[in-house]
Amino acid sequence: MTTVAARGDGSAEPSPEVTQSSQASSSEAAPPVAQPLDVDVAPDTTATKQPGASTSADSALFEAAAALPKVLKIAGAVVAPTTLLTALLFYFGQMYANGSFEYFGVNFTVLDLTIQDYLIRSADGLIIPLIAIAGAILLALWIHQLLLRALPARIHRIALRVMMPCAAIAGVILVTLAIADVVGDAVFPAHPETRGLNFSVGVLLLAYAARLLRQLIADRQPEQVPRRPPGAVVVTEWGAIFILVSVGLFWAVGSYASLVGVGRAQQIEALLPSLPDVVAFSEKRLSLQAPGVREVTCQDPDAAYRFRYEGLKLVQQSGNQYLFLPAGWMHANGAAILIPRSETVRLEFSPVGQVRSATC
């Protein structure tokens with residue numbers, strides 16, 4: 001309702017209350033002041049932005065970036081030893097085959113051995129050393145944790161002062177022995193595999209001594225915050241240690257595998273008379289001229305295999321090649337026989353000493 005006050009001249013004047021209310025309503029309904037035309041106004045998107053979603057996304061991204069180095073570290077800790085172990089097994093099997101077949105006078109490459117053949121052969125002589133090395137490493141870690149974590153602070157510092165120089169001296173001695181064995185006369189002629197093993201263990205002891213030295217310096221200055229070296233320095237240090245230890249392990253494995261291969265070949269030579277006899281039947285004459293091998297010609301013209309060879313022992317079949325040794329084979333003057341695997345050759349196995357007829 002509008003109240004009007006009458007003037008003296010007969011005109012009507014709105015009351016003060018009405019004037020104030022109308023001004024308030026007009027100020028509420030007035031449109032916003034327009035911006036100047038020469039000013040660029042960016043659209044206001046704050047009304048449509050969701051702060052909660054943005055914060056959670058940024059937090060998830062930050063957590064993923066922070067967890068990446070840990071994931072890479074865990075992956076490296078698993079992949080690197082596994083890859084090294086596989087490479088060591090393959091190298092051991094190859095050197096094992098080289099030493100074994102070289103004892104028989106055969107180049108192992110003609111047999112076309114597969115990766116599975118090398119890995120299977122590595123289980124023959126490398127399982128026990130791997131168990132011993134892994135057990136020694138676990139024992140050393142447990143002793144380290146017991147001495148340096150469970151002891152009181154005073155005894156802990158004394159242990160550090162004793163263990164650090166002992167580890168450094170032992171590491172220098174082992175590395176020096178390994179290098180001297182290569183440069184000069186053989187230090188361990190009966191066990192050449194100890195050269196690489198000494199080198200690897202010596203490098204690990206030197207790295208352990210450096211770690212104890214850092215810990216000893218930190219204990220002497222507890223009030224100062226320890227300065228961490230840059231990440232690139234740490235990665236380079238551990239990479240160099242890993243390479244040196246790997247070189248020493250390959251060095252040791254190569255020498256040890258050759259000795260194990262020769263030893264297994266000598267066992268085969270000793271057990272050769274007790275292995276099953278093998279008779280090789282062939283369509284064509286093979287002209288095998290080895291001591292103890294007898295050739296028999298079949299008189300039947302319709303026979304599929306007209307030639308028979310007795311006095312053979314099968315040692316290996318791989319890569320479509322049969323490796324035979326005569327029953328009386330000796331390393332001093334024996335000859336190995338390689339026959340391609342084909343349909344023109346048939347093998348027959350029988351117990352030792354079985355009597356056969358002189359003709360087919």
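Note that this is a predicted model, so its numbers are computed, not measured.
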Enquirer: Considering all heavy atoms of both residues, which atom of Ala167 and which atom of Leu205 are nearest to each other, and what is their separation?
Expert: O-CB, 3.6 Å

Enquirer: Using a 3.5 Å distance criterion without hydrogens, assess whether the side chain of Ser200 forms a donor-acceptor pair with backbone atoms of Leu197.
Expert: no

Enquirer: Work out which heavy atom in Leu113 is nearest to a heavy atom in Ala97; give both atom names and the distance.
Expert: CD1-CB, 3.7 Å

Enquirer: Please examine the side chains of Leu312 and Asp277, heavy atoms only from C-beta on, and report whether any two atoms are closer than 4.5 Å.
Expert: no

Enquirer: Within the side chain of Tyr305, is there an N or O that forms a donor-acceptor pair under 3.5 Å with the backbone of Ala280?
Expert: no

Enquirer: Within the side chain of Asn198, is there an N or O that forms a donor-acceptor pair under 3.5 Å with the backbone of Thr194?
Expert: yes

Enquirer: How about Ile128: does its CD1 atom have over 12 heavy atoms from other parts shown lying under 6.0 Å from it?
Expert: no

Enquirer: Provide the closest heavy-atom pair for Val182 versus Trp251 in the form atom of the first, atom of the second, distance.
Expert: CG2-CZ2, 2.9 Å

Enquirer: Identify the heavy atoms of Leu271 and Ser274 that sit nearest to each other, and give their distance.
Expert: O-OG, 2.7 Å

Enquirer: Are any of the side-chain heavy atoms of Leu216 and Arg161 separated by less than 4.5 Å?
Expert: yes

Enquirer: Thinking salt bridges, do Glu193 and Arg195 make one under a 4.0 Å N-O criterion?
Expert: no

Enquirer: Donor-acceptor pair, distance only, cut-off 3.5 Å: does the side chain of Ser318 make one with the backbone of Leu111?
Expert: yes

Enquirer: How long is the gap from CG on Leu174 to CD1 on Ile169, to the nearest 0.5 Å?
Expert: 12.0 Å

Enquirer: Do Leu88 and Ile115 belong together in a cluster built from hydrophobic side chains that touch within less than 4.5 Å?
Expert: yes

Enquirer: Side chains of Tyr103 and Arg264, heavy atoms from C-beta outward: is any pair under 4.5 Å?
Expert: no

Enquirer: Decide, yes or no, whether a salt bridge links Glu237 with Arg214 under the criterion of side-chain N to carboxylate O below 4.0 Å.
Expert: yes

Enquirer: Is the backbone of Phe242 close enough, under 3.5 Å, to the side chain of Ser246 for a donor and an acceptor to pair up by distance?
Expert: yes

Enquirer: Rounded to the nearest 0.5 Å, how far apart are CZ of Arg211 and CE of Met163?
Expert: 10.0 Å

Enquirer: I would like to know whether Tyr309 and Arg294 meet side-chain contact (heavy atoms from CB on, under 4.5 Å); could you show each step before the answer?
Expert: CA-CA 6 Å; Tyr309 296 89; Arg294 186 168 68 97; over 6 Å; no

Enquirer: Got a donor-acceptor contact below 3.5 angstrom from the Asn98 side chain to the Met95 backbone?
Expert: no

Enquirer: Treating Ile, Leu, Val, Met, Phe, Trp and Tyr as nodes and any side-chain heavy-atom pair under 4.5 angstrom as an edge, say whether Tyr96 and Leu119 lie in one connected cluster.
Expert: yes

Enquirer: Centre of Phe281's six-membered ring, under 6.0 Å away, within 45 degrees of the axis: is that where NZ or CZ of Arg346 sits?
Expert: yes

Enquirer: Measuring from Cys298:SG to Arg306:CZ, what's the distance to the nearest 0.5 Å?
Expert: 8.0 Å

Enquirer: Mind running side chain to side chain donor-acceptor pair (under 3.5 Å) on Tyr322 and Gln316 for me, showing each step along the way?
Expert: CA-CA 6 Å; Tyr322 291 118; Gln316 175 74 29; over 6 Å; no

Enquirer: Taking the side chain as C-beta and beyond, is there a heavy-atom pair between Pro192 and Leu259 under 4.5 Å?
Expert: yes

Enquirer: Would a 4.5 Å heavy-atom cut-off, applied to side chains only, mark Leu288 and Ile337 as touching?
Expert: yes

Enquirer: Kindly work out whether a path of hydrophobic side-chain contacts (I/L/V/M/F/W/Y, heavy atoms less than 4.5 Å apart) joins Val245 to Phe199.
Expert: yes

Enquirer: Would a hydrophobic clustering, with Ile, Leu, Val, Met, Phe, Trp and Tyr connected at side-chain separations under 4.5 Å, put Ile243 with Phe250?
Expert: no

Enquirer: Looking at every heavy atom in both Ala207 and Ile241, which two are closest together, and how far apart are they?
Expert: CB-CD1, 3.6 Å

Enquirer: Indicate, with yes or no, if Ile158 and Tyr208 share a hydrophobic cluster defined by side-chain heavy-atom contacts under 4.5 Å among Ile, Leu, Val, Met, Phe, Trp and Tyr.
Expert: no

Enquirer: For Phe92 and Arg121, run side-chain contact (heavy atoms from CB on, under 4.5 Å): C-alpha distance rounded to whole Å, both residues' side-chain angles, the deciding distance at 0.1 Å, then the answer.
Expert: CA-CA 8 Å; Phe92 181 92; Arg121 278 173 171 77; over 6 Å; no

Enquirer: Closer than 4.0 angstrom, basic N to acidic O: yes or no for Glu295 and Arg285?
Expert: yes

Enquirer: Test your reading of the model: is there a side-chain donor-acceptor pair from Tyr256 to the backbone of Gly125, 3.5 Å cut-off?
Expert: yes

Enquirer: Aromatic rings Tyr118 and Phe90: how do their planes relate, parallel, tilted or perpendicular, breaks at 30° and 60°?
Expert: perpendicular

Enquirer: Check whether any side-chain heavy atom of Leu84 sits under 4.5 Å from a side-chain heavy atom of Leu249, and report yes or no.
Expert: yes

Enquirer: Can you find a pair of side-chain heavy atoms, one from Phe324 and one from Leu347, that are under 4.5 Å apart?
Expert: yes

Enquirer: Quick check: does any side chain N or O of Lys313 sit under 3.5 Å from a backbone N or O of Leu275, one acting as donor and the other as acceptor?
Expert: yes

Enquirer: As an exercise, state the distance from CD1 of Ile127 to OG of Ser122, rounded to the nearest 0.5 Å.
Expert: 6.5 Å

Enquirer: Using every non-hydrogen atom in the two residues, find where Pro326 and Ala335 come nearest and quote the distance to one decimal.
Expert: CD-O, 3.3 Å

Enquirer: Once you round to the nearest 0.5 Å, how far does CD of Gln317 lie from CG of Leu323?
Expert: 10.5 Å

Enquirer: Out of curiosity, Leu325 CG to Leu314 CG, how far, rounded to the nearest 0.5 Å?
Expert: 9.0 Å

Enquirer: Does any N or O in the side chain of His331 come within less than 3.5 Å of the main-chain N or O of Phe104, such that one atom is a donor and the other an acceptor?
Expert: no

Enquirer: Would the distance check show the side chain of Gln215 and the main-chain N or O of Leu160 forming a donor-acceptor pair, the cut-off being under 3.5 Å?
Expert: no

Enquirer: State, with a plain yes or no, whether a side-chain heavy atom of Ser258 is found less than 4.5 Å away from one of Val262.
Expert: no

